[in-house]
Number of protein chains: 2
Amino acid sequence: MSQHPLRTQIEDIVKLSDAEFDFVLGHFQENNFKKHQIVLHQGDYAHFDFFVIKGLMRVSRVDPDGKEHILQFGMENWWITDAEAFHHQTKSTLTVDCLEPTKTLSLTLENKEKLSKELPKMQTFFFKKTTNGFIALQKRILCFLSSNANDRYHNLLSLYPGLMQRVPKAMIASYLGVTRETLSRLTKVES
Amino acid sequence: MSQHPLRTQIEDIVKLSDAEFDFVLGHFQENNFKKHQIVLHQGDYAHFDFFVIKGLMRVSRVDPDGKEHILQFGMENWWITDAEAFHHQTKSTLTVDCLEPTKTLSLTLENKEKLSKELPKMQTFFFKKTTNGFIALQKRILCFLSSNANDRYHNLLSLYPGLMQRVPKAMIASYLGVTRETLSRLTKVES
DNA sequence: ACCTTCACAGGACATTTGTCAATGCTTTGA
DNA sequence: TCAAAGCATTGACAAATGTCCTGTGAAGGT
């Protein structure tokens, strides 16, 4: 029988009783967003960290030249927000929107901190998730340092199979830091 | 009067009594490394997270082609280690070495976890440091996505003034993800 | 003081990637 | 159903960056 996806993720790190999980869940609110809906506008405060139950979101920024850069995708079981705006309670420099109809569990910073205090296991959970996120970003940077566009593309393929079926190639290019024309040429050579 | 640099950093986030700080300090060991000394070899276990008291370290990786990529520098008051190897207690894929004679306070994972349990304020401290590190890495990735080598260079200049005086330009290039020739051309145009 | 190594600049050329424009195909919506 | 918009591909050319090479001066070790 299948468990709640959030519980599964938490119990990968710390064990919870049924009552504890219900308690945890009480700190979240559920949201349903439409495709293309902007969940966090640049310039607004980031009220929530979103845990994606179903759907697909992204965090992006448009630079002064009008070019869009995708910092992160968020599929099922991913956490997604503008980390800086959320944790520092400052105005967002990034945009979060939905590439598909999306259902989330949404957590305010206040509730995150409350939860961490009330249930120390949850602080451990959040800490490990953040540490793992840090490690993942370091790997992505190493990828930028040591790989060309082609290797980065294949790395992304192997890291998130299934992503290609869900997002347009132009967005993959934007995540990789190349133009869609360059990405198109790369995939062409495969033959 | 000047305080211990570690205490200053911790008290930016949580306040400590003298006794508490002594207690914290007891979990660290002091190390002195020579210039060029390798502190963590690729393939070894990462026994420590290093807090740099004085000196300059770096984390790097050489790729299969023999090219060296610098993931991070660590000047005074920075924490530096192979995060993945340290936190997962696995063999390191990165190398940590000293670009200058360096004095560190070194913390084992065991002591870090002990400290977090014994003094919850320290867990808060570590959590915030990790969160801020995560945010900094996101910014560096956005820089790779949206900036060319020249802009990345000037961004680095403004972020860490003083770094240029302490490390050879070839290493700056390696951190930026370009060749030294490219960096040389950039600095030339400034005139 | 001498030799070796390192750091840096620069030139010539190759490769990669970006830019701009044109095209065809699909999806969307009135 | 048709027009419009979105998405991907491709070609021609430009710009950025990498590669390989040389030369010069400074720094370090013996």
Side-chain angles (χ1 to χ4, degrees), chain A residues 34-38 56 58 60 62-70 73 97-101 141-157 163-191, chain B residues 34-38 55-56 58 60 62-70 73 97-101 141-157 162-191:
Chain A
K34 287 179 284 192
K35 183 171 179 174
H36 294 142
Q37 186 169 350
I38 298 181
L56 179 58
R58 67 168 173 175
S60 61
V62 306
D63 70 18
D65 303 336
K67 283 175 208 159
E68 183 179 88
H69 305 285
I70 297 181
F73 293 106
D97 62 353
C98 301
L99 304 178
E100 297 176 2
I141 287 174
L142 268 173
C143 199
F144 273 109
L145 291 179
S146 61
S147 299
N148 58 21
N150 191 38
D151 292 345
R152 292 209 301 282
Y153 173 66
H154 285 96
N155 184 259
L156 181 61
L157 276 184
L163 187 64
M164 323 309 287
Q165 281 70 52
R166 294 172 74 174
V167 316
K169 291 193 176 180
M171 289 189 190
I172 300 290
S174 170
Y175 179 91
L176 292 174
V178 297
T179 60
R180 40 192 148 181
E181 290 94 337
T182 297
L183 182 62
S184 183
R185 288 179 197 119
L186 296 179
T187 57
K188 177 171 116 192
V189 187
E190 317 267 318
S191 70
Chain B
K34 287 179 283 192
K35 184 170 179 174
H36 294 141
Q37 185 169 352
I38 298 180
L56 180 57
R58 67 167 172 175
S60 62
V62 306
D63 69 18
D65 303 335
K67 283 175 206 157
E68 183 179 87
H69 305 285
I70 296 181
F73 292 107
D97 63 353
C98 301
L99 304 179
E100 297 176 1
I141 286 174
L142 268 172
C143 199
F144 273 110
L145 291 179
S146 61
S147 299
N148 58 21
N150 191 39
D151 292 345
R152 292 208 302 281
Y153 172 67
H154 284 96
N155 184 258
L156 181 61
L157 275 184
L163 188 64
M164 323 309 287
Q165 281 68 52
R166 293 174 75 175
V167 315
K169 291 194 176 179
M171 289 189 191
I172 300 291
S174 169
Y175 179 91
L176 292 173
V178 297
T179 60
R180 39 193 149 174
E181 288 93 339
T182 297
L183 183 61
S184 183
R185 287 179 200 122
L186 297 179
T187 56
K188 177 172 117 191
V189 188
E190 318 266 318
S191 70

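Just so you know, these numbers use all the heavy atoms, side chains as well, and skip hydrogens, waters and symmetry mates.
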Specify the separation, in whole Å, of atom [atom1] of [X] and atom [atom2] of [N].
{"X": "A:Ile172", "N": "D:dC7", "atom1": "CD1", "atom2": "P", "value": "13 Å"}
{"X": "B:Asp65", "N": "D:dT19", "atom1": "CG", "atom2": "P", "value": "9 Å"}
{"X": "A:Arg180", "N": "D:dT9", "atom1": "CZ", "atom2": "C1'", "value": "11 Å"}
{"X": "B:Glu100", "N": "D:dG28", "atom1": "CD", "atom2": "P", "value": "12 Å"}
{"X": "A:Leu176", "N": "C:dT16", "atom1": "CG", "atom2": "P", "value": "17 Å"}
{"X": "B:Phe144", "N": "D:dA16", "atom1": "CZ", "atom2": "P", "value": "19 Å"}
{"X": "A:Asn150", "N": "C:dT16", "atom1": "CG", "atom2": "P", "value": "10 Å"}
{"X": "A:His36", "N": "D:dC7", "atom1": "NE2", "atom2": "C1'", "value": "12 Å"}

Determine whether B:Lys35 and B:Pro101 make a side-chain contact, defined as any pair of heavy atoms from C-beta on separated by less than 4.5 Å.
yes

With a 4.5 Å cut-off on side-chain heavy atoms, are B:Leu99 and B:Phe73 touching?
yes

Does [N] have its OP1 or OP2 closer than 4.0 Å to a side-chain nitrogen or oxygen of [X]?
{"X": "B:Thr179", "N": "D:dG18", "answer": "yes"}
{"X": "B:Lys67", "N": "D:dG18", "answer": "no"}
{"X": "B:Ser184", "N": "C:dC8", "answer": "no"}

In terms of side-chain heavy atoms of [X], which of [options] is nearest?
{"X": "B:Thr187", "options": "C:dA9, D:dG18, D:dC7", "answer": "C:dA9"}
{"X": "B:Arg185", "options": "C:dG11, C:dC8, C:dG18", "answer": "C:dG11"}
{"X": "B:Glu181", "options": "C:dA9, D:dC20, D:dT9", "answer": "D:dC20"}

May I ask you to say what B:Lys35 touches in the nucleic acid, namely base, sugar-phosphate or nothing, with a heavy-atom cut-off under 4.0 Å?
nothing

Backbone N or O of A:Glu68 within a donor-acceptor pair of the A:Ser60 side chain at under 3.5 Å?
no

Where the side chain of B:Asn148 meets the backbone of B:Asn150, is there a donor-acceptor pair that is under 3.5 Å apart?
yes

Verdict with supporting geometry, A:Thr187 and A:Lys169, side chain to side chain contact (heavy atoms under 4.5 Å, CB included)
CA-CA 10 Å; A:Thr187 57; A:Lys169 291 193 176 180; 4.1 Å; yes

Please tell me which of B:Arg152 and A:Val167 maps to the more 5' nucleotide of DNA chain D, matching each residue to the nucleotide holding its nearest heavy atom.
A:Val167

